Amino acid sequence: MKLTLKIWRQKSPKDEGKFETYQLDNASQDMTFLEMLDAMNEKLISEDKDPVAFEHDCREGICGSCAMMINGKPHGPGKEITTCQLNMKAFKDGDTIMVEPWRTNSFPIIKDLVVDRSAFEKIMEAGGFIDVDVAAVPDANAYPVEKHKAEEAFDAAECIGCGACVAACKNSSAMLFVAAKVSQYALLPQGKIEGVQRAWNMLMKMDELGFGSCANTGACETECPKGISLAHIARLNREFIKAGFTKLAGEKR
Amino acid sequence: MTVLDSKIPEGPLADKWTNHKNSLKLVSPANKKKMEIIMVGTGVAGAAAAASLGQMGYKVKVFCYQDSPRRAHSVAAQGGINASKNYRNDNDSDYRLFYDMLKGGDFRAREANVYRAAEVSNSIIDQLTAQGVPFAREYGGTLATRSFGGVQVSRTFYASGQTGQQVLLGSYTALKRQIAKGNVTMYSRRQMLDIVVKDGQTQGIVCRNLVTGEMERYAAHAVVLATGGYGTIYFLSTLAVNASGAAAYTAYKRGAFFANPSFIQIHPSCIPQLNEYQSKLTLMSESLRNDGRVWVPKEKGDKRKPGDIPVEERDYYLERRYPAFGNLVPRDIASRAAKERCDAGYGVGETGYAVYLDFADAIKAQGKKTIKAKYGNLFDLYQKITGENPYQQPMKIYPAGHYTMGGIWVDYNLMTTVPGLFAIGEANFSDHGANRLGASSLMQGSGDGYFILPYTIGGYLADKIKSKPLSTDDPEFEKVENEAKNKIERLMNIKGNTSPLAFHKKLGKIMWDHAGMARNEEGLKKGLKEVTDLEEEFYKDLKLTGDTSSMNQPLEKALRVAASFEISRLMLRDALNRKESCGAHFREEYQTEDGEAMRNDDQYMYVAAWQYKGDGKEPVLHKEELKFEFVTPTKRSYK
Ligand SMILES: Cc1cc2nc3c(=O)[nH]c(=O)nc-3n(C[C@H](O)[C@H](O)[C@H](O)COP(=O)(O)OP(=O)(O)OC[C@H]3O[C@@H](n4cnc5c(N)ncnc54)[C@H](O)[C@@H]3O)c2cc1C
Ligand code: SF4
Ligand code: FES
């Protein structure tokens, strides 16, 4: 099938960047979206042009590398899929497709569709872990976890750190990402102990890094490729309020 | 006489590791602060090791090519992680796990290493659970397990079909904690291009910053490679598409021996290639064979829908050939059996290169809800890719390249033949022999990372406390950096017509055809020639665009492909040398009448370790004889 691709091209972080229009005549509905971009890049190379930079690795929806806005939607059309899982069957011959990077100040553009998501790393370093040393642990069966709680914790832990939630949010909030981690640990006895402090530290870091506050529109949940539920944000808020009440976290800060 | 010293400690099997640990020298806390370690790789092995070493007080620098350590290929592991907890009271033990792995590897691994891997397995589950890994639970709240191929106990811990993600994130968060404490510094978006060796000792690495294109030098007292496997040699594989053996190849060129390069696992249950555009194959976890039954029609070329073929007209060939293990035979056996049926004309699907993995009986017996709880996300993944609903019709699967048992040769301390250069996780060759059992790689990588390397590296560093790392201004750093720069310039200046992706595809086809599931002398020799011809073409006709002073993804790829030619040749040579069939290495000339692998213990009971002798020169083979003191190698039978 024939496609018209409008792709954001930006040489470097400082470059202004603009949309370029390309024609691709040999696309197929059998391709995945990234295979289509591969074909596009092969064509650009053959024309002595710089291929479009985009991130990808696992190509099966689990590493969280791939990240782009396709026709204005994070990871494109389709529910609960990443860009690498998007099939070209979602498009038809003659379509024009707009492809651009995540648009948020917290994720500066590096090149073309590649953005710098290191702000997520900083949030994780602020408290996205359980404070436990290697080898200083009890037997794994020492603390039973109710099956449904373990499953809920797993649902939260499925977050792949792609950043679609931020890209989807009109305030560029990272609430769903933070909530997923806080909630996973809050549901487990191992993680509960520092739950309140963790919520405080991660949220403060999120603020500091310039992510906006939760807009309560649920756009993040709709666009999240892993279906991370808004219920986790509610749990995060509860932990955060506790932190405020006890002032414990505030003092430690 | 061989120059290889495996440094296996004396004493009874079960005491070796404890005795060895007790004899290892320690580095005092004050000195640890002065000792610098470079960790290349952030998969289950690298992340765990960096976290562990950081906690101990070493100064650690960690590198990965992705934007975040959380994206390492380990994240894609699905089915589970083994441990000999015996939580099911099915008479499991360290010994049994050890024996299963050793037998699964067709007696081509070291007893002592494998036993140690089993011995530390339980601590891994404890560690990960404490770090908040949400493993599956029973109703009573204790940890659940399931069975994997090649074993008769239930010892595989799991988190739905995303165990690798959860195990990696567990170690990633431990790494984050050490980064927050300032013990570990993270360098992501770096491609390690070379290793600096001077005065017979590892001194550091040279990397390309993937954002700025700049060359960077880093010095340390020791370098650890946790850079994963080279399964992408086939182009289409279950690995992350940017995974490669390029880092291991660099180590090889700098003097580290490469062991058993031809031992590469072809996983039996992957979604078959659907079209010519495909860039990767997706695994359907081995855990599915717990409940799924593998079959093909009894009639050649039977084109009826699977549901229309009555049970009597189906050939459940694994159950027929291997009644003791049935659908849960090890991977090499299941893969070959699928190939045999398809080559004989019984395959299904459009191409005839697929077999059914059928859940109808399991759904009938256990209900859809139970099956969904066990494998829901795998079924969804399958449906997303193929558009077919595995609750209603059987999956179609076919083998694909998956895991490299071969890798950098290491001694019992996980040190390579280059002093101060260590290798852990899939990058080394140590624990899986000629075939890896399911759920044992996350285990080995985590074990190496958390509990083995952090002790053994101390033994090396204890003698180095008086020395500082080499200055990065040293002429040796200069030289290595220039070599890397020249290599890049050379590639950029070829200005031919073919992209690195196109070369990778061609190489993959050669390797799959000649060094895939079945090998023979003629094909392997042909493969050697074809790889060398292709390499020549590569240096004449490669085309790269863009520049070297900013992000240039095709250049990154070209550097990986350039390394793959030599790895391919090593694989082919090693496969030619090994005139026997063992594990995943199947030489058609050496098989029994009923098509089973025919091992030759008299002549090939050794690890084949290859030494680099210069570009264009034949590498030299060193043999590490495998001694079996505690078990008697038997004919591997799953019948
Ligand atoms: C689809 C799939 C499913 C699997 N399922 C299971 C399972 O259920 N159970 C199990 O036990 N095993 C499983 N495996 C195998 C297992 O996942 C891997 O063997 C294991 O995760 C490898 O871990 P690692 O730490 O050695 O390396 P990897 O996770 O491969 O990490 C390699 C690291 O090295 C870095 N790196 C590599 N080269 C360079 C370079 N040149 N410069 C800088 N950095 C570099 C990368 O950035 C990355 O951080 C599966 C494998 C696949 C493909
Ligand atoms: S919460 Fe969802 S959208 Fe946000 S980073 Fe995680 S997986 Fe991506
Ligand atoms: S490439 Fe890994 S999630 Fe898309």
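Just so you know, these numbers come straight off a predicted model, no measurement behind them. Below, read A as the first sequence line, B as the second, and so on, with proteins coming before strands; counting in each chain starts at 1.
- Only the backbone of B/Leu281 comes within contact range of chain A, with heavy atoms under 4.5 Å apart.
- Between the side chain of A/Lys111 and the backbone N or O of B/Met551 there is at least one donor-acceptor pair closer than 3.5 Å.
- In this structure a side-chain-to-backbone donor-acceptor pair under 3.5 Å is present from A/Asn141 to B/Leu143.
- Closest of all the heavy-atom pairs between B/Leu381 and A/Glu60 is CD1-O, 4.1 Å.
- In this structure, the portion of B/Gln165 lying under 4.5 Å from any heavy atom of chain A is its side chain and not its backbone.
- Scanning all heavy atoms of the two residues, the minimum distance from B/Pro134 to A/Ala150 falls at CB-O, 4.0 Å.
- For B/Glu556, no part sits under 4.5 Å from any heavy atom of chain A, backbone or side chain.
- For the atom pair CG (A/Asn41) and CG (B/Leu501), the distance works out to 9.5 Å, reported to the nearest 0.5 Å.
- A distance-only check finds a donor-acceptor pair linking the side chain of B/Asn275 to the backbone of A/Asp30 [under 3.5 Å].
- For the atom pair CZ (B/Phe135) and CZ (A/Phe154), the distance works out to 11.5 Å, reported to the nearest 0.5 Å.
- In this structure, CZ on B/Arg71 lies 9.0 Å from SG on A/Cys66, to the nearest 0.5 angstrom.
- Residue B/Asn497 holds its CG atom at 12.0 Å from CD1 of A/Ile45, rounded to the nearest 0.5 Å.
- A/Ala157 approaches B/Leu169 most closely through the heavy-atom pair O-CD1, 3.8 Å.
- Between the side chain of B/Gln553 and the backbone N or O of A/Phe54, at least one donor-acceptor pair lies under 3.5 Å.
- Only the side chain of B/Ser550 comes within contact range of chain A, judged by heavy atoms closer than 4.5 Å.
- Both the backbone and the side chain of B/Gln278 come within contact range of chain A, with heavy atoms under 4.5 Å apart.
- Contact between A/Val132 and B/Gln131 at its shortest, heavy atoms only, is CG1-CG, 3.8 Å.
- A/Asn26 and B/Tyr277 share no side-chain donor-acceptor pair at under 3.5 Å.
- For B/Arg137 and A/Glu146, the salt-bridge test fails: no basic side-chain N is under 4.0 Å from an acidic carboxylate O.
- A/Glu121 places no side-chain N or O within donor-acceptor distance of the main-chain N or O of B/Ser68, the cut-off being under 3.5 Å.
- Contact check on A/Asp133 versus B/Arg177 returns a salt bridge, with a Lys/Arg side-chain nitrogen under 4.0 Å from an Asp/Glu carboxylate oxygen.
- Listed options A/Asp139, A/Leu188, A/Asp50 were ranked by heavy-atom pairs under 4.5 angstrom with chain B; first place goes to A/Asp139.
- In this structure, A/Leu44 CG and B/Thr545 OG1 are separated by 8.0 Å, a value rounded to the nearest 0.5 Å.
- Under the 3.5 Å distance criterion, the side-chain polar atoms of B/Gln66 are left unmatched by any main-chain donor or acceptor of A/Ser65.
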| CA sep, side-chain torsions, deciding dist, call: A/Arg59, B/Asn242, side-chain contact (heavy atoms from CB on, under 4.5 Å) | CA-CA 10 Å; A/Arg59 296 207 174 192; B/Asn242 299 319; over 6 Å; no
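- No donor-acceptor pair under 3.5 Å is formed between the side chain of A/Gln85 and the backbone N or O of B/Lys384.
- One finds the CD atom of A/Glu125 at 12.0 Å from the OG1 atom of B/Thr173 (value rounded to the nearest 0.5 Å).
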